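Below you'll find the structure, written out as structure tokens, and then a few comments.
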Amino acid sequence: MKMSRALIPTLREDPKDAEVISHKLLVRAGFIRKVAAGIYTMLPLGLRTVGKLMALVREEMERAGAIEIQMPLVQPKELWTSSGRWELYGKELLRLKDRKDQEFCLAPTHEEVVTELIKNEVRSYRQLPLILYQIHTKFRDEIRPRFGLMRAREFLMKDAYSFDVSEACSMQAYQTMYSAYERIFRRIGLKFEVVEADTGTIGGSLSHEFQVLAPTGEDKIARCNGCKKAWNAELAPVAKPRFVMPGSPLPKEKVKTGDAATIEEVAVVLGLQPEQILKSLLIQTERGPYLAVVRGDRILSLPKFKRSLGLVEAELAQDLTGLPEGQIGPIGQAWPVVADYSVAGVQNGVAGANEPGYHWVNVNYALDFEAQTLADLTLAQEGDCCGVCQEPLSLSRGIEVGQVFCLGTKYSKPMEAVFLDADGNKKPTVMGCYGIGIGRTVAATVEQCHDDQGIRWPVSLAPFAVHLVLLDTRQSELVSLADSLYSALLAQGVDVLYDDREERPGVKFHDADLIGLPLRLTIGKKYKEKGLVEIKARDASFMEDMPPEDASKRIHAFLSQQGMANG
RNA sequence: CGGGGCGUAGCGCAGCCUGGUAGCGCACCUGCCUUGGGAGCAGGAGGCCGGAGGUUCGAAUCCUCUCGCCCCGACCA
């Protein structure tokens with residue numbers, strides 16, 4: 001591609017609305033442009049990068065035995081009522097009506113359509129197993145789209161769905177996809193971690209997330225070096241605190257705390273540490289409200305809460321008590337109380353008095369109140385130990401680029417996607433689903449691969465392998481050399497971006513660094529003076545001058561070596 | 001959805017408090033000059049100051065409403 005005829009609008013300054021590095025660089029280097037909040041146009045470089053990733057993903061999907069299809073973005077309401085998710089999905093599901101007032105939604109995911117397809121087309125166990133996949137647009141009306149491609153509303157996703165005759169077979173499909181995902185992210189060249197995860201709105205029994213390690217990641221992950229396991233921090237088992245606070249239990253006493261509502265305010269008013277305050281949260285569930293109690297310095301994990309009570313739905317409830325904020329508590333509470341292990345270790349703590357303006361002090365677990373369930377309910381945090389082996393957990397941040405789920409019969413049962421087994425019995429198919437965020441993976445790659453000057457694409461995703469930079473377009477000798485190198489490389493199947501613009505050298509070098517192709521082939525005065533061209537790796541691993549006829553050999557050597565490193 | 005911030009030329013910003021002919025840098029166009037790290041000189045073009053209403057002789061500036069964008073927010077019950 002010749003830059004003089006392409007649309008590669010690079011920017012000298014960071015765009016105002018970008019916060020994270022990948023967003024800034026993808027805009028500045030001319031890969032994407034925003035159309036609306038969370039909605040982007042892919043410019044030529046962005047589209048080529050996405051194309052590289054899609055090709056790689058397709059290759060691994062095919063290798064894993066998955067078959068490509070394409071399902072619609074716009075889907076009828078009935079399909080979503082049949083799975084029960086029309087009501088359940090909430091505002092993220094963008095709903096619309098056609099001219100006949102028929103209701104539709106923009107697909108945030110495709111379980112319904114694919115299950116319906118299998119219901120209609122698969123009758124016999126002989127047609128299974130099956131793994132179908134697509135790479136297609138999804139739409140989720142996020143509360144807060146942000147960070148460019150990282151959390152967009154409209155985005156590309158590779159989603160795959162497996163259909164099997166039994167749990168055991170489904171587990172095999174899960175393993176196959178899990179391995180394919182490992183290969184994909186390894187081939188891209190990313191540092192990532194696979195963590196056990198919650199199943200969220202998708203549902204199901206077992207799930208792993210593929211997390212690209214980056215300080216800007218929105219997810220917290222916890223790894224235990226004892227067990228060699230990793231979890232999303234909201235699921236990581238946390239050991240019971242070993243210490244007990246000093247002193248002996250005192251009789252509880254009601255004190256006036258006025259407007260103090262937050263943990264911090266209450267702590268200040270009473271001159272105590274947050275650890276001594278019991279945080280009570282009212283949780284609405286499908287079995288009615290529960291009062292969850294955790295120590296004031298800890299954060300409740302809703303996934304853990306759901307798991308420990310065997311619940312499907314749980315969200316923070318507002319305004320069920322009519323009490324001002326922060327003044328609810330477990331003592332004399334009508335709702336069932338569920339407490340984190342940390343609560344039992346709090347000696348002479350503080351709890352809301354269920355009465356405006358008052359808190360109880362000297363509250364002690366077992367003496368003053370008791371929980372129906374005592375469990376591990378909080379988000380793992382720095383300093384925690386593993387609940388399985390008691391070794392310390394190490395926390396880091398990740399960008400969730402892929403997730404795999406065992407779905408069981410969550411969709412096939414209600415939607416009656418059944419087959420006949422060898423004995424002629426009707427059985428629901430056992431399903432799994434597997435997603436990779438395409439745009440998010442591109443963004444995550446930039447988060448990991450950049451320097452002060454710009455992006456440093458790995459060969460695997462680079463929109464072009466080589467940036468051919470012609471420094472002086474007025475010297476016909478240089479132009480004809482660059483032109484012939486361009487044609488020669490193209491003929492050898494090398495992707496080349498040719499900077500043939502009438503710009504000064506400084507501009508071209510800066511743009512080349514910003515765009516970040518793996519190799520730069522520079523034609524300039526060194527050729528006039530010594531008959532040499534320059535090859536430089538963007539990652540600064542080498543820079544060499546050589547006669548032009550050696551260039552393509554060197555380029556091929558570099559590319560195949562990189563390919564092997566990650567292949 | 002709650003809290004905060006910002007909308008002025010393609011991009012990044014100043015001007016607003018204290019109303020009086022709309023500015024700067026980069027980019028863009030023309031010419032000269034320059035070509036291995038975002039050159040220089042000269043000339044030029046480009047704005048319903050997000051939108052609507054109001055106050056005023058007069059509004060980018062003050063007031064009201066609205067739309068868009070960005071940041072923080074489970075909680076601290």
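Order of the sequence lines fixes the chain letters, A, B, ..., with proteins taken first and strands second; residue numbering starts at 1 for each chain. If you're wondering where the values come from, they're calculated on a predicted model, not measured in any experiment.
- Taking atom P in both B:C72 and B:U30, one finds a spacing of 44 Å when rounded to whole Å.
- B:G2 sits 34 Å from B:A59 when the P atoms are compared, rounded to a whole Å.
- Residue A:Ala37 places its side chain closer to B:C69 than to any other of B:G36, B:C75, B:C69.
- Among A:Leu468, A:Ile535, A:Val494, A:Asp539, the one residue that satisfies the side chain to side chain contact (heavy atoms under 4.5 Å, CB included) test with A:Leu519 is A:Ile535.
- Under the Watson-Crick and G-U wobble criteria, each requiring two contacts below 3.5 Å, nucleotide B:G47 is left unpaired.
- For B:A39, there is no paired base (Watson-Crick or G-U wobble, both distances below 3.5 Å).
- Residue A:Asp14 is the one, among A:Asp14 and A:Thr10, whose nearest nucleotide of RNA chain B lies closer to the 5' end (criterion: closest heavy atom).
- Within 4.0 Å of A:Asp511, counting heavy atoms only, lies at least one base atom of the nucleic acid.
- Taking the P atom of each, B:C48 and B:U8 are spaced 12 Å apart, rounded to whole Å.
- At a threshold of 4.0 angstrom between heavy atoms, the contacts of A:Gly524 include nucleobase atoms, whether or not backbone atoms are also involved.
- Taking atom CZ of A:Phe509 as the reference point, atom P of B:G38 lies 10 Å away to the nearest angstrom.
- For B:C62, the paired base is B:G54 (Watson-Crick or G-U wobble, both distances below 3.5 Å).
- Nucleotide B:C1 holds its C1' atom 14 Å from the CD atom of A:Glu92, rounded to whole Å.
- A straight line from CG of A:Leu278 to P of B:C75 spans 19 Å, rounded to a whole angstrom.
- Out of B:C28, B:C71, B:C75, the shortest distance to the side chain of A:Lys279 is found at B:C75.
- Checking B:C76, B:C70, B:C26 against every side-chain atom of A:Thr262, the shortest atom distance belongs to B:C76.
- Along RNA chain B, the nucleotide nearest to A:Lys536 and the one nearest to A:Leu300 differ in position, and the one closer to the 5' end is contacted by A:Lys536.
- The residue A:Glu534 sits close to a base: some heavy atom pair falls under 4.0 Å.
- Listed candidates were B:C75, B:G12, B:C70. Nearest to the side chain of A:Glu13 is B:G12.
- Residue A:Asp513 has its side chain nearest to B:G37 when only B:C76, B:C75, B:G37 are considered.
- With B:G38, B:C69, B:C71 as the candidates, the nucleotide lying closest to the side chain of A:Glu19 is B:C71.
- Rounded to the nearest Å, the gap between the P atom of B:C75 and that of B:G19 is 42 Å.
- Residues A:Arg298 and A:Thr378 bring a donor and an acceptor atom of their side chains to less than 3.5 Å of each other.
- Between A:Asp499 and the choices A:Lys508, A:Lys2, A:Arg504, A:Arg5, the salt bridge (charged side-chain N to carboxylate O under 4.0 Å, His left out) rule is met once, by A:Lys508.
- Pairing for B:G73 is with B:C1, a Watson-Crick or G-U wobble pair whose two hydrogen-bonding atom distances lie under 3.5 Å.
- Under the Watson-Crick or G-U wobble criterion, with both distances below 3.5 Å, B:G7 is paired with B:C67.
- Comparing B:G51 with B:U34, their C1' atoms sit 47 Å apart, to the nearest whole Å.
- Considering only side-chain atoms of A:Arg144, the nucleotide from B:C69, B:G38, B:C72 that sits closest is B:C72.
- Counting distance only, with no hydrogens placed and no angle test, the side-chain atoms of A:Arg520 and the base atoms of B:G37 include a donor-acceptor pair under 3.5 Å.
- Comparing the C1' positions of B:G4 and B:U35 gives a spacing of 49 Å, expressed to the nearest Å.
- Contacts of A:Leu302 with the nucleic acid, taken as non-hydrogen atoms under 4.0 Å apart, are absent.
- Residue A:Arg146 places none of its side-chain N or O atoms closer than 4.0 Å to OP1 or OP2 of B:C70.
- With both ends at atom C1', the span from B:A39 to B:G58 equals 46 Å, rounded to whole Å.
- B:G38 atom P lies 15 Å from atom CG of A:Asp499, rounded to whole Å.
- Checking B:U35, B:G73, B:G38 against the side-chain heavy atoms of A:Asp472 singles out B:U35 as nearest.
- Between the side chains of A:Thr522 and A:Arg520, at least one donor-acceptor pair of N or O atoms lies under 3.5 Å.
- Within the shown strands, B:G23 is the pairing partner of B:C13 under the Watson-Crick or G-U definition, both distances less than 3.5 Å.
- Distance A:Arg151 CZ to B:C72 P: 12 Å, rounded to the nearest Å.
- Figure legend. B:U34 is base-paired to no nucleotide; pairs are counted as Watson-Crick or G-U wobble with both atom distances under 3.5 Å.
- Atom CD of A:Glu218 and atom P of B:C72 are 9 Å apart (whole Å).
- Here B:A39 is the nucleotide among B:C76, B:A39, B:C28 with the atom lying nearest to any side-chain atom of A:Val507.
- Applying side chain to side chain contact (heavy atoms under 4.5 Å, CB included) to A:Lys252 and the options A:Ile331, A:Val361, A:Asn348 leaves one that passes, A:Ile331.
- When the nucleotides B:C70, B:U34, B:G36 are ranked by their closest atom to the side chain of A:Arg474, B:U34 comes out on top.
- A donor-acceptor contact under 3.5 angstrom links the side chains of A:Glu209 and A:Gln211, judged on distance only.
- Here, B:A45 and B:G25 have their P atoms 16 Å apart, quoted to the whole Å.
- Rounded to a whole Å, the NZ atom of A:Lys34 is 11 Å from the P atom of B:C11.
- Among the atoms of the strands shown, none is found under 4.0 Å from any heavy atom of A:Arg33.
- Within 4.0 Å (heavy atoms only), A:Lys16 reaches sugar-phosphate atoms of the nucleic acid but no base atom.
- Dashed line: the shortest gap from a side-chain N or O of A:Arg504 to OP1 or OP2 of B:A39 is under 4.0 Å.
- Checking A:Arg397, A:Arg144, A:Arg146 one by one against A:Glu218, the salt bridge (charged side-chain N to carboxylate O under 4.0 Å, His left out) holds for a single residue, A:Arg146.
- In this structure a side-chain-to-backbone donor-acceptor pair under 3.5 Å is missing from A:Glu502 to A:Arg474.
- Base engagement by A:Lys526 is indicated by at least one non-hydrogen atom pair under 4.0 Å involving a base atom.
- Under the 3.5 Å distance criterion, the side-chain polar atoms of A:Tyr486 are matched with a main-chain donor or acceptor of A:Met1.
- Between A:Phe147 atom CZ and B:C72 atom P there is a gap of 5 Å when expressed in whole angstrom units.
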